Every structure is written in C-alpha cells, then in structure tokens.
Colleague: 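Pasting a structure below so you can have a look.
All of these numbers come straight from a predicted model, not from anything done at the bench. One-based numbering, in listed order, for ligands and for the atoms of each.
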Amino acid sequence: MVLTFTDAAVDPLFSDLNLTVEPGEFLAVLGPNGAGKSTLLHTVTGTRRLTRGTVSVNARTGFIPQQRMFSPDLPLRARDLVNLSAAHGVLRRRRARRGAVEELLREVGATGIADRRVGNLSGGQQQLVRQAQALANDPELLLCDEPLLSLDMGVQHRTVDLIDRRRREAGTAVVFVTHSINPVLRVVDRVLYLAPYGHVLGNVSEVMRSETLSELYGTRVEVAEVNDRLIVI
Ligand SMILES: Nc1ncnc2c1ncn2[C@@H]1O[C@H](COP(=O)(O)OP(=O)(O)OP(=O)(O)O)[C@@H](O)[C@H]1O
C-alpha cells in the first residue's frame, strides 16, 4: 500500500475514515464545497493534522495544488521552477538530470511556454507548470487537487490521459479531487464521496446512486445518466 487512513477524522469535516490506496490505483474524491476534500490531501502532505486516527504514507509524493496563481513579480521562467522541483529544491549542487526539464514540459504539453515568466502565464498555462512540477520527482503517489480547473476540454482530456498512463506504466497511485466525476469516469477505480452526513467509498456504480447520495446529503438527490455522463441533481 502507498497510503492508509485508519479511523481518521478532521473535525467537523469527516470521521471514521478507513482507506488503503494501492500502487496504480486511481481514487477520485468528490463532494460539495467545503466538504473537506482539500483538507484530506493536506493531511497526506502533513500540512493539516488529523483530529483522531492515523494517516500513513509510504511513497514519494507529488502534489498538484488547487489553482493558485504565481505572483506576477516572480522572476522565474517555467523551466526554472520545474528545474527546482526536479532537483528536489534548492539544495547545493543538486541538478536535474540533463534533458529532464524538457521531457517534463513536453509530457504536460508546455514546451512552448518554457521560457516565459510564470507570473505572466494564463491560469491554464500555470496549471501545466504545476503538473510538470508534481511529476518532477517521479512520484509513486500523485495528489491532485482539482487539476482540471482552468483547462479547456482538449487539455483536460490530455491531462487525464497523462495521469492514467503514468499509473498504468509506473504504478503511480492517484488521489484525484474533482467536482465532476465525468472527466475521469473512464479511468477511475474507486470513488470517495465526502458529504455533510458522512462519506462513502466504493466503485462508481456503488457510490454514484440516488439512494447513496441522498443519504449523504440528508435530502433527495437524483443521479441521472445522460449520454454516458453522470449528472447529480
Ligand atoms: N487550515 C485550516 N484550518 C481550519 N479550517 C480550514 C483550514 N483550511 C480549510 N478549512 C476549512 O475546512 C473546510 C473544508 O475546506 P476544504 O478546502 O477542505 O473543502 P473542499 O471540499 O476542498 O472544498 P472546495 O470544493 O470548495 O474546494 C472549509 O470550511 C474551510 O474553511
């Protein structure tokens, strides 16, 4: 296993969370605004504490944070930031492998913006730089906090393909916070749904059901399937 939560709780957001993520697994985390999806990821990175229980991480971890713009004054190009991540920060004499930065930027489709200052890039372009940074240390566990925000449909599709390929080829486990299941429906193994009246964990057909979500929201919720897409009403 790469990640295990045991009887984990962050009051008042979630409690009694028991979850093991295996190498190569794709777990989607869904739920309404403020349910605690980002908080869950932050307990893995160590920036938030659990109120109870334990979280155990046994993997090199990459993190694509929720959309946060770089300062327009940051005097760094896209390639500089990715280079710092590939060299594990600013430790003396650490250098990224030759060609590694180019490879990473090419992998995420950001070759054309390598020499631009990050603060001047568009929101979507900055998001691609974040992707390249997260992949730079060859993660065994990839935490993604709404990584599709600001990306157009084509780039969303390519991003999901990229992450899916990595977990298939390199066995990278993926915990993917998203507001909509649809962009990842074709790749997801399990869903963790966090909601006001508890959480549920299972495969898509177990979790994305009217009865299950109605219980979690404490009110009638309908899940409808339209043209292979799931719509929660
Ligand atoms: N460091 C913190 N300390 C205390 N409370 C926090 C902290 N960070 C976030 N919160 C609160 O915890 C709750 C859950 O926030 P979180 O960002 O985890 O939700 P989310 O499910 O990711 O929501 P969204 O879909 O809107 O991004 C919110 O009410 C938020 O204000």
Colleague: Walk me through it: do Val200 and Glu215 pass the test side-chain contact (heavy atoms from CB on, under 4.5 Å)?
Modeller: CA-CA 10 Å; Val200 65; Glu215 234 172 77; over 6 Å; no
Colleague: Does this structure show an ion pair linking Asp138 with Arg166, if we count only N-O contacts that are shorter than 4.0 Å?
Modeller: yes
Colleague: Suppose clustering is done on Ile, Leu, Val, Met, Phe, Trp and Tyr with side-chain heavy atoms closer than 4.5 Å. Which residues sit in the same group as Ile233?
Modeller: Val226, Ile231
Colleague: Measuring from each atom of ligand 1, which residues have a heavy atom under 4.0 Å away?
Modeller: Leu13, Pro32, Asn33, Gly34, Ala35, Gly36, Lys37, Ser38, Thr39, Arg48, Gln66, Glu146, His179
Colleague: For Asp161, is there an ion pair with Arg158 - N to carboxylate O distance below 4.0 angstrom?
Modeller: no
Colleague: Mind listing the closest non-hydrogen atom pair of Val232 and Met208 along with its distance?
Modeller: CG2-CE, 3.9 Å
Colleague: Do Val223 and Ser210 come close enough that some side-chain heavy atom pair is under 4.5 Å?
Modeller: yes
